[in-house]
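Remember, it's 1-based here, ligands and their atoms both numbered in the order they're listed.
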Amino acid sequence: MTGITAARGTELRCKGWRQEALLRMLENVLENGENQKELTVYAALAKAARNWGSYHAIVDTLKNLEEEETLVIQSGKPIGIMRTHKYAPIVIMANCNMVGKWATSDQFYKFQEQGLIVWGGLTAAAWQYIGSQGVIQGTYEIFQSIARMHFDGQLAGRFVLTAGLGGMGGAQPLAGTMAGAAILCVEVSEARVDKRIEVGYLQRKTADLDEALSWIEEAVSRKESLSVGLIGNAAEVYPELIRRGVQPDIVTDQTSAHDLLYGYIPAGYTLEQAAEQRLANPARLQQDAGASIAREVEAMLAFQERGAIVFDNGNNIRTQAVQYGVENAFDIVVFTEGFLRPLFARAIGPFRWVALSGNVEDIRRIDEYILEFFRDNEIAVNWIKLANQYVPVEGLPARIGWFGHGDRTKLALAVNEMVARGELSGPVAFSRDHLDAGAMAHPNIMTENMKDGSDAIADWPLLNAMLNCSSMADLVAIHSGGGGYSGYMTSAGVTIVADGTEDAALRLKTTLDNDTGLGVLRYADAGYEESLDEIQQKGIRRIDT
Ligand code: NAD
């Protein structure tokens with residue numbers, strides 16, 4: 001079954017906008033996803049629902065669900081309908097949470113084969129994915145931060161090397177050119193390269209390394225921005241660049257290195273050969289993928305040794321490399337600790353909103369509001385201007401915007417009023433990435449090297465989910481890692497619908513204030529100065545012990 005797109009317009013198929021909104025969000029993740037037939041949204045295996053039977057049952061249930069009812073979903077499968085009340089979430093879900101000692105990739109694959117579990121990524125099974133745009137501002141802010149720290153504030157004339165042009169990695173070329181750099185993206189699948197060109201995230205493609213390098217050199221010398229997709233394998237291209245003495249300024253990777261079976265393609269394999277080996281000899285495929293990752297990470301370390309700024313972009317590549325013999329893989333810094341932590345400590349993170357009517361003008365109208373009423377917010381104003389100019393529409397029109405405590409609420413309430421006044425064509429759904437201040441424990445990515453050593457404590461995302469249910473959010477999800485992320489993380493997601501009603505205003509204010517409030521408290525608890533300052537400035541109620 002293919003061809004699902006999100007409904008547009010203002011006609012309701014459900015008994016209210018809250019249910020309709022969540023249904024459109026579900027359809028939207030599939031519309032934007034990488035492989036709809038498999039229900040796969042991104043990151044190799046992150047799915048929107050357990051299987052097609054579950055998908056259709058979810059759709060039917062949402063269509064018939066009353067406002068005083070809550071749909072319960074377990075790993076992408078609808079389990080039952082509970083009588084609750086109109087301030088309870090419409091949907092609650094727990095996806096891919098395995099008990100501690102069982103939380104291994106082997107066990108995950110077994111459960112998956114038995115049809116008992118599905119990995120939801122962060123935003124796939126929680127129906128919050130908005131296409132590559134979901135990570136684009138994060139990637140852009142990383143580049144900006146590196147520019148400020150190492151390159152006199154600008155990346156014009158700088159060469160960025162990366163890999164992976166999938167659902168999330170596909171944001172890299174556009175983030176790179178928005179930051180002014182010349183960016184080379186190695187991607188093994190030509191179809192993925194073509195998709196990024198088609199949606200306007202990538203400019204050029206070639207399968208010839210010499211040609212790719214000559215384009216990059218020219219752009220660097222002219223200080224022009226450029227994005228090039230090189231069809232090739234990163235485990236071969238990175239070491240080859242080292243051999244040739246080619247030296248990028250910034251190096252990272254966003255292949256699906258977290259998953260050795262379904263994600264990372266080993267050197268020497270075509271996509272078809274990897275698919276065959278997955279069935280014929282999965283252990284061998286994983287061994288080969290691990291060995292290739294080790295080669296790639298060794299090259300990344302060599303680039304670092306030669307002076308490049310090298311970072312892990314959230315795909316567990318260092319963890320895999322250590323397991324395959326690269327003992328010093330953690331000499332490479334992770335992007336959160338290296339570049340974004342001061343923002344997270346103030347709960348400034350990847351907030352986003354989706355125009356449920358499908359009208360892109362709604363997003364532009366909200367952009368205008370931000371430019372007018374958040375003039376002092378440099379990050380937001382700079383980003384909205386750029387996004388308006390460069391970020392293409394994928395699926396339902398949406399916008400990512402890194403806002404923090406208080407600002408998210410201010411924006412959402414203003415949008416709710418615009419909906420009420422009929423200034424927008426329809427309601428707007430607000431959500432955020434799970435990779436947000438109070439919502440994620442991910443010791444090798446989000447919470448690496450926390451000041452107080454609390455990296456692996458998963459109480460925070462669990463508290464976050466409970467708090468968001470208590471705060472009347474419309475959808476609340478608790479996720480843990482699957483595939484190669486099994487046992488490595490727990491996170492929570494939330495969605496709230498601005499349908500223009502007073503109830504929506506209450507839900508938005510309570511949920512958004514508490515969601516970011518907990519984020520600030522989490523970092524304050526770990527001893528971050530920025531959080532203590534935020535608490536003081538914004539009157540967040542912290543208990544001193
Ligand atoms: P995806 O599965 O959609 O895409 C991965 C891409 O990598 C595919 O196009 C694949 O063909 C390519 N690839 C695999 N092996 C390769 C190799 N050896 N050389 C070159 N290309 C290769 O995944 P995605 O959604 O783009 O996510 C990529 C990774 O980023 C995942 O590990 C994901 O968990 C992680 N991620 C990080 C963040 C973040 O905030 N930094 C956010 C989301 C996802």
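Among all protein heavy atoms, the one lying closest to atom 28 (C) of ligand 1 is Q254 O, 3.2 Å. Here the heavy atom of the protein found nearest to atom 29 (C) of ligand 1 is T255 O, 3.3 Å. At the shortest separation from atom 40 (O) of ligand 1 among protein heavy atoms lies F335 CZ, 3.7 Å. In terms of protein heavy-atom proximity, atom 33 (C) of ligand 1 is nearest to Y485 OH, 3.6 Å. Atom 15 (N) of ligand 1 has as its closest protein heavy atom I265 N, 3.0 Å. Of the protein's non-hydrogen atoms, the one nearest atom 31 (C) of ligand 1 is H258 ND1, 3.4 Å. If you check which protein heavy atom lies closest to atom 14 (C) of ligand 1, you get G263 O, 3.5 Å. Looking from atom 35 (C) of ligand 1 to the surrounding protein, the closest heavy atom is G314 O, 3.4 Å.
When each of T5, V354, N32 is checked for a side-chain contact (heavy atoms from CB on, under 4.5 Å) with L396, only V354 meets the rule. When each of V186, T206, L202, L230 is paired with V193, the side-chain contact (heavy atoms from CB on, under 4.5 Å) condition holds for L202 and for no other.
Counting heavy atoms of neighbouring residues, nucleotides and ligands inside a 6.0 Å radius, atom NZ of K77 does not exceed 12 of them. In this structure, Y390 places its OH atom where only 12 or fewer heavy-atom neighbours from other residues, nucleotides or ligands lie under 6.0 Å away. In this structure, R244 places its CZ atom where more than 12 heavy-atom neighbours from other residues, nucleotides or ligands lie under 6.0 Å away.
For Y528 and F344, the distance between ring centers is not under 6.0 angstrom.
Polar contact check, D433 against ligand 1: no nitrogen or oxygen pair lies under 3.5 Å apart. The N/O atoms of Y42, backbone and side chain alike, include none that comes under 3.5 Å of an N/O atom in ligand 1. Considering both main-chain and side-chain atoms, A44 comes within under 3.5 Å of ligand 1 through a nitrogen or oxygen pair. When only interatomic distances are considered, the shortest N/O to N/O separation between E34 and ligand 1 does not fall below 3.5 Å. At under 3.5 Å, not a single nitrogen or oxygen of L271, backbone or side chain, sits near a nitrogen or oxygen of ligand 1. At a 3.5 angstrom cut-off on N or O pairs, A163 does not count as close to ligand 1.
In this structure, A347 and R408 approach most closely via the heavy-atom pair O-NH2, 3.4 Å.
Looking at V188, T162, T139, it is V188 that brings a heavy atom closest to atom 20 (C) of ligand 1. Within the set S256, S189, S292, P266, the minimum heavy-atom distance to atom 23 (O) of ligand 1 is found for S256.
Residue contact check for ligand 1: G232 places a non-hydrogen atom closer than 4.0 Å to it. Note on ligand 1: G138 sits outside its first shell, no heavy atom being nearer than 4.0 Å.
Side-chain atoms of S227 and Y201 include no donor-acceptor pair closer than 3.5 Å. No side-chain donor-acceptor contact under 3.5 Å links D455 and N449. Using modelled atom types and a 3.5 Å distance limit, the side chains of T490 and S480 yield a donor-acceptor pair.
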Apply ring-ring contact (aromatic ring centres under 6.0 Å, His included) to W119 and Y485, showing your working. CA-CA 9 Å; W119 180 48; Y485 285 132; 5.7 Å; yes
Working note: D288 + Y269, criterion side chain to side chain donor-acceptor pair (under 3.5 Å); need CA distance, chi angles, decisive distance, verdict. CA-CA 9 Å; D288 289 346; Y269 278 76; 2.6 Å; yes
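With ligand atoms numbered from 1 in the order given, ligand 1 contributes 7 (O) to contacts under 4.0 Å with heavy atoms of G164. The V135 neighbourhood of ligand 1 comprises atoms 42 (C), with distances under 4.0 Å to a heavy atom of that residue. Within the listing of ligand 1, atoms 24 (P), 25 (O), 26 (O), 27 (O), 43 (C), 44 (C) sit less than 4.0 angstrom from a heavy atom of M168. Interface of N313 with ligand 1, defined as ligand atoms under 4.0 Å from a residue heavy atom, comprises 37 (C), 39 (C), 41 (N). Those atoms of ligand 1 with a heavy atom of V186 less than 4.0 angstrom away are 20 (C), 21 (N). The R192 neighbourhood of ligand 1 comprises atoms 1 (P), 3 (O), 4 (O), 8 (C), 9 (O), with distances under 4.0 Å to a heavy atom of that residue. Within ligand 1, the atoms closer than 4.0 Å to a non-hydrogen atom of G166 are 1 (P), 3 (O), 4 (O), 6 (C), 9 (O), 26 (O), numbered from 1 in the order shown.
You'll find the side chain of E34 reaches within 4.5 Å of the side chain of R192, heavy atoms only.
Residue K47 holds its NZ atom at 13.0 Å from CD1 of I117, rounded to the nearest 0.5 Å. Interatomic distance, R50 CZ to I73 CD1, rounded to the nearest 0.5 Å: 10.5 Å.
For E187, heavy-atom contacts with ligand 1 shorter than 4.0 Å involve the backbone as well as the side chain.
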